[in-house]
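The analysis underlying the following values was restricted to heavy atoms, covering all of them including side chains, and did not include hydrogens, waters or symmetry mates. Predicted, not measured: the structure shown is a model, and the values here were computed from it. We number each residue from 1, following the sequence as shown.
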Amino acid sequence: MNVKSDEERKTVRMKLKLNSTEYEKLKRYTAESGLRSMSQYMLNSIIAAPIIEITDEELAPIKARVDEISDSINSIAIRVDQTNKIYPEDMQEIRQGVEEISAMLAEYRSKLESLAVTPQTFRAIVDKAHKDVKN
């Protein structure tokens, strides 16, 4: 008789709703994986999925700089509204601020993309997890 310890016993139940296309895909993936149940397939897929965490500390310098730039642009907008005049220096400052924000966003996006898992990589990770479970 195979008696499981308290650590091995599964006691929490979760519900998942799928449409018919998703359900058929899950059935196919489970069959292809060789695992004995959809539940086991889903659990292994969830556990195998990499988690990317981005902290507020990482974002703080970017946020602070964007706040400075937006405050500057807002000051210019208020002055233009009050005087009905905009100066070439104002336009240059706005342009530089927007370009700096764009560059920061592009750099951060590049960092995020380098961490991202492609569908093919994800499938390889999940396949490995399923093989590990079967062995």
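With sequence neighbours excluded, the residues that form a side chain to side chain donor-acceptor pair (under 3.5 Å) with S72 are E93. The side chain to side chain contact (heavy atoms under 4.5 Å, CB included) check on Q92 picks up R95, Q96, with sequence neighbours excluded. Considering only residues two or more places apart in sequence or on other chains, E58 meets the side chain to side chain donor-acceptor pair (under 3.5 Å) condition with T55. Here D67 pairs with K63 under the salt bridge (charged side-chain N to carboxylate O under 4.0 Å, His left out) rule; sequence neighbours left out. Here R65 pairs with E68, E100 under the salt bridge (charged side-chain N to carboxylate O under 4.0 Å, His left out) rule; sequence neighbours left out. Taking R109 as the reference, E113 meet the side chain to side chain donor-acceptor pair (under 3.5 Å) condition, with sequence neighbours excluded. Under the side chain to side chain donor-acceptor pair (under 3.5 Å) criterion, E99 pairs with no residue, sequence neighbours left out.
Legend: salt bridge (Lys or Arg N to Asp or Glu O under 4.0 Å) pairs involving residues 72-90, not counting sequence neighbours, sorted by first then second residue: R79-D90. Sorted by first and then second residue, the ring pair (Phe, Tyr, Trp, His ring centres under 6.0 Å) pairs with a member in residues 75-97 form an empty list; sequence neighbours excluded. Among residues at least two apart or in separate chains, ring pair (Phe, Tyr, Trp, His ring centres under 6.0 Å) pairs with a member in residues 24-49 are Y41-H130. Judged as a salt bridge (Lys or Arg N to Asp or Glu O under 4.0 Å), not a single pair has a partner in residues 35-50 (not counting sequence neighbours).
Residues M91 and I69 share a hydrophobic cluster, clusters being chains of Ile/Leu/Val/Met/Phe/Trp/Tyr side chains in contact below 4.5 Å. Under a hydrophobic clustering in which Ile, Leu, Val, Met, Phe, Trp and Tyr are joined whenever their side-chain heavy atoms come within less than 4.5 Å, directly or via other members, L35 and Y23 fall into the same cluster. In terms of hydrophobic clustering, with Ile, Leu, Val, Met, Phe, Trp and Tyr side chains grouped at heavy-atom distances under 4.5 Å, V98 and I86 are assigned to a common cluster.
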Exercise. Yes or no on salt bridge (charged side-chain N to carboxylate O under 4.0 Å, His left out) for E24 and R28, after CA distance, side-chain angles and deciding distance?
Worked result: CA-CA 6 Å; E24 290 304 318; R28 183 170 38 103; over 6 Å; no
Enumerate, atom names and distances included, each donor-acceptor pair closer than 3.5 Å involving a side-chain atom of residues 13-22, sequence neighbours excluded.
residue : atom : partner : partner atom : Å
N19     : OD1  : T21     : N            : 3.1
N19     : OD1  : E22     : N            : 2.7
E22     : OE1  : N19     : N            : 2.8

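With N74 contributing its side chain and S70 its backbone, the two residues share no donor-acceptor pair below 3.5 Å.
In this structure, CD in Q40 is found 10.5 Å from OG in S45, a value given to the nearest 0.5 Å.
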